[in-house]
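The chains referred to below are lettered A, B, ... by the order of the sequence lines, with proteins before strands, and numbering in each begins at 1.
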Amino acid sequence: MTNHWIDLKNSDCILIMGSNAAENHPISFKYVTEAQRKGAKLINVDPRFTRTSAKADIYTALRSGTDIAFLGGMIKYILDNRLYDEEYMKAYTNASALVNPAFDFKDGLFSGYDAANRKYDKSTWSFQADEKGVPKTDPSLQDARCVLQLLKKHYSRYDLKLVSEITGTPEADLLTVYKTYSATGEKGKAGTIMYAMGWTQHTVGVQNIRTMSIIQLLLGNMGVAGGGVNALRGESNVQGSTDQALLWHIWPGYLKSPKASDTSLAVYNEKYTPKSGDPRSANWWQNYPKYSVSLLKSFFGENANKENEFGYNWLPKTDEGKSYSWLDIFDEMYKGNIKGFFAWGQNPACSGTNAGKNREAMKKLDWMVNANLFDNETGSFWRGPGMDPSKIKTEVFMLPACVSVEKEGSVSNSGRWMQWRYQGPKPLGNSLPDGDIIMELGHRLKQIYKEEGKFPEPIRNLKWDYLTDGKYDPHKIAKQINGYFLQDVTIKDQTYKKGTLVPAFAMLQADGSTSCGNWIYCNSYTEKGNMSARRGKQDAPNNIGLYPEFAWCWPVNRRIIYNRASVDPKGQPRNDKRWVIRWNGEKWEGDVPDGPWPPMELPDGKPNPEGRYPFIMQKHGFGAIFGPGLADGPFPEHYEPLECPVEKNYMNSQRMNPVAPVYGTDADAHATCDPRFPYVGTTYRVTEHWQTGLMTRPQPWLLELQPQMFVEMSEELGTLKGIQNGERVTVKSARGSVQCTAIVTKRFKPFNIGGLTIHEVGMPWHYGWRWPESGTEESVNLLTPPTGDPNTRIPETKAFMVNVVKG
Amino acid sequence: MSKSFFIDTTLCTACRGCQVACKQWHNLPAENTTNRGTFENPPDLSFDTYKVVRMREQVIDGKFAWLFFPEQCRHCADPPCRDTAGEPSAIFKDEATGAVIFTANTKGLDADEIIASCPYNIPRKSEDGTLAKCDMCIDRVHNGLLPACVQTCPTGAMNFGDREKMVSLARQRLDIVKKAYPKAQLVDVEYVEVIYLITYQPELYHKNVIAMNAPAGMTRQMALRKMFRPMTSIASGIL
Ligand code: SF4
Ligand code: SF4
Ligand code: SF4
């Protein structure tokens, strides 16, 4: 979230699309209903009428996988009716920047497409620059090559009729949503988006969010109270796990994983440190080497020094153009290229897309370690449905981990708050906190590598001193993450003593004199104490629910990021009632501003050379309406999912995202426009279960509420197939089949897709054969497809094709 | 002063946190359920289930609505169940809170008659004839805590406190909600400690939302008056 949970109450219009917040983030509705009680409008767009829809002022349905068409139509509506916030757009976004004349878009493809390799050469996706490298602009926004004009051209195709044909949403409903949401473009009004996996889990996942980001920038909704782009994270610490680089393509704090071609630390730092020739662009990533070197110092301590490039070469590098995501790991495992596997706090036999392939893949392992609270479908895959244990060689070890409430440590919520938790009950039996398991693993590895081992340096040199009295000490880790001065360091007349905690990331150094396990968390645990353990209930002076002394928020306790965009160029709030920051002539008041610099303009309206553009993480300082960084294009474009019900994409000649990965083993079957699989399928969660259900399916009170795997379908489809409400049916895809109880309901309606009647059905993903005891309630991921987003490789589990049959 | 609930169904998301919290606080066993083509489960109140969130799909004036109704005992001002039992050691009203309490001594009474006397069809019997229902979490309330269901409600749908405060909160909220839903009403507010705000006709939510239908020839108000005296006459001098 750019904003945070409480801030939802400040909104004038909340769009819930790509999430089902009432069911899956029930606590968020404390603030959603508070906003509604103050008069805010709640809009919900979802293929199925959910418990969220039941509370919405406006509800409409769209076919799964067509969000870009829906939102692209909104961009067109905003532009056609000039509903954008012009002052904001001109001052804070790249709307006026002039784009490279060679940049082009034709019939679904951007310039630079390499069909053989299914990827783009992105060199033309750039700006026309002056001699300092600063983008040229046309402040009048008239130049045909300026971002706004290109945006207009791009979305001119997204008219109501075509959008309605693609999405299945009636034109009148599209208009109502567009009109209501666009009203937040008025100065002083705020609109927000609450999205989750309904947007991310598509072959166009990142671009779904990009489309909404463009809308938010046009309407001036970024940086303001009640605005922002808000991802509702699907698990209580998933924000923390991403921040700490659970994903393969990043290092902690969203630093880049190095590639094989980044042959030295100098090359690596040079490549990922952007340079701006504009003195008014803060270009915050210019500090990159401070963060990367401090991170290496936190990994390798005293063993990291200038001579050995702070241990840079001890870390793995990725091969050029190769991806190492979840999908790729199981693909390689299936091909027999992976011998050992730690399934840590995960249940890929149920949670991964195309889970049947994952289960087969695990047969090829020599060993697997299942670190989890309980045994699950993964640890017991060898005795699962269709498995012959006598033919499976994989040796499985179970490491019992204790549950989160049995250990001390922090979780980071969707609003970026790091919240410290004390230990409740003691771990049961011989279960241990994950930290203890990992520490022990590290000690054993170090022991082995002391004697021998290929490439032993990373393990021998690893700093591994986080025990107190023989036990994992979360405070030691939290301090390591915050960072230390490793020698006396003097910054602007102040000397920080060796061994003290770094007060904030502005003090981190690139010369090895500081360590920091994650620069965005620097400031969380300082000489003043553990900031995340604070429980102060005093609000900030602006009284908008920031509660700055409750827990701690990255970065540097800033509760609303990009908040310099909430003021006009003179530093005065664009909304007096819900101001976030304001300039009092000498300093900023309110939230922690995005940097200390004064406003962009002096009181007399002249530019202040000391001022900085608000979007400080962007090289040029502007909100990116034109966003050249992604794998699939600087403007989002509608493509159909890998499996879809239409022969062709009505928007362009590329049926699916031309750069989305599709896996190709015999277990990766897929079928589009195939009469065997005529219905759109989607997956989702229910309030009553959690993730793959490992913690909820064995819980009798929760199983009582949602006892069985189900499939929801319209009454029309029920009639068509002769399926009665409550009867058992089988849902099939090109990859597998699952038994479900049919819920035949008015909450699903058939879609009119360009004159065709298209049915959609939906299933929850929380089940698996291990529990309930009947063994009949299986994972929906046996059905889901072998593809994902080209940027993140998140799988496309929200839109695929199935059939439903009786029995 | 007695205690009341104000349950604002316009805010209820049917998350069912209240339903589970009730089971947890009373340590009630889960029932063996199946999916019956609906999210609603268990199918009904029971000896082991004091609260069920009803979920109804309705088309109202051509528009689809999914109506949620967290059903529980209303803690009637003048409870017919108590009068029918006529045995204070089995069913009594706790004066401090207004909670209507069923004890183990309900075993041996005419359970079916007591159930039939309840205008909201709430009490349920065990195999041995003992009766059970919501007890207002009286142990919690006497110790200054909110009832478990209220404590857990994330949306503000469930409220609990002194009756006067709850009634005024309910009326304020009704005024606002009426602007969008002219048919909104507070259900049987004068007669019960559990005040529901609903926006459509009661029967669309569940069959026992209002005190059960009166016999022929009597208006509902008359039936109510016959069935039990309203809060105002009982609490006169306090309210
Ligand atoms: S906890 Fe509150 S919102 Fe959830 S079902 Fe109960 S009354 Fe409704
Ligand atoms: S609702 Fe029924 S059970 Fe509850 S107090 Fe009234 S009569 Fe008794
Ligand atoms: S008041 Fe207590 S007993 Fe009654 S429904 Fe709520 S939690 Fe259950």
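Checking side-chain atoms of A:Thr33 against main-chain N and O of B:Thr155 turns up a donor-acceptor pair under 3.5 Å.
If you tally non-hydrogen atom pairs under 4.5 Å between each of A:Glu34, A:Met709, A:Glu727, A:Lys30 and chain B, the highest count goes to A:Lys30. Each of B:Pro42, B:Ala157, B:Cys153 has some count of heavy-atom pairs under 4.5 Å with chain A, and the biggest count is that of B:Pro42. Among B:Leu11, B:Val20, B:Thr10, the residue making the largest number of heavy-atom pairs under 4.5 Å with chain A is B:Leu11. Looking only at heavy-atom pairs under 4.5 Å with chain B, the residue among A:Gln706, A:Glu23, A:Gln724 that has the most is A:Gln706. Of all the listed residues (A:Trp701, A:Phe29, A:Phe710), the one sharing the greatest number of non-hydrogen pairs under 4.5 Å with chain B is A:Trp701.
For A:Gln36, no part lies near chain B; criterion is any non-hydrogen pair under 4.5 Å. Residue B:Glu40 does not touch chain A at all, counting heavy-atom pairs closer than 4.5 Å. Using a 4.5 Å cut-off between heavy atoms, B:Val59 contacts chain A through its side chain alone, with no backbone atom that close. A:Ala742 touches chain B through its backbone: at least one of N, CA, C or O sits under 4.5 Å from a heavy atom, while the side chain does not. With a threshold of 4.5 angstrom between heavy atoms, B:Glu57 approaches chain A through side-chain atoms but not through N, CA, C or O. With a threshold of 4.5 angstrom between heavy atoms, A:Glu712 approaches chain B through side-chain atoms but not through N, CA, C or O. At a 4.5 Å heavy-atom cutoff, the contact between B:Leu28 and chain A is made by backbone atoms alone. In this structure, chain B has a heavy atom under 4.5 Å from the side chain of A:Leu702, while its backbone stays farther away. Heavy atoms closer than 4.5 Å to chain A are found in the backbone of B:Thr38, but not in its side chain. For B:Thr9, the part lying near chain A is the backbone, with the side chain staying farther off; criterion is any non-hydrogen pair under 4.5 Å.
Residues A:Thr741 and B:Gly37 come closest through the heavy atom pair CG2-N, 4.5 Å. The two atoms that bring B:Cys15 and A:Pro26 nearest to each other are CB-CB, 4.3 Å, heavy atoms only.
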Exercise. Please walk me through it: do B:Asn41 and A:Glu704 pass side chain to side chain contact (heavy atoms under 4.5 Å, CB included)?
Worked result: CA-CA 7 Å; B:Asn41 244 331; A:Glu704 173 192 79; 5.6 Å; no

For this session: Show your working on side chain to side chain contact (heavy atoms under 4.5 Å, CB included) between B:Thr13 and A:Lys55 and close with a plain yes or no.
Result: CA-CA 7 Å; B:Thr13 56; A:Lys55 298 292 114 178; 3.9 Å; yes

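Summarising the local packing, NZ of B:Lys165 is surrounded by 12 or fewer heavy atoms from other residues, nucleotides or ligands at distances under 6.0 Å. By the neighbour-count criterion of 12 heavy atoms within 6.0 Å, atom NZ of A:Lys41 is sparsely surrounded, having that number or fewer from other residues, nucleotides or ligands. Enclosure of atom NZ in A:Lys179 is not indicated, since only 12 or fewer non-hydrogen atoms of other residues, nucleotides or ligands lie within 6.0 angstrom. By the neighbour-count criterion of 12 heavy atoms within 6.0 Å, atom NZ of B:Lys107 is sparsely surrounded, having that number or fewer from other residues, nucleotides or ligands.
Atom CD of A:Gln708 is separated from atom CZ of B:Arg36 by 11.0 Å, given to the nearest 0.5 angstrom. Within the model, atoms CZ of B:Arg173 and CZ of A:Arg37 stand 6.0 Å from one another, a figure rounded to the nearest 0.5 Å.
Among A:Thr745, A:Leu705, A:Ile743, the one residue that satisfies the side-chain contact (heavy atoms from CB on, under 4.5 Å) test with B:Phe39 is A:Ile743.
Judged as a side chain to side chain contact (heavy atoms under 4.5 Å, CB included), and not counting sequence neighbours, the contacts of B:Arg124 are B:Asp44, B:Leu45, B:Asn121.
Between A:Phe49 and B:Phe64, the angle of the ring planes goes over 60°, which puts this pair in the perpendicular group of the 30/60° scheme.
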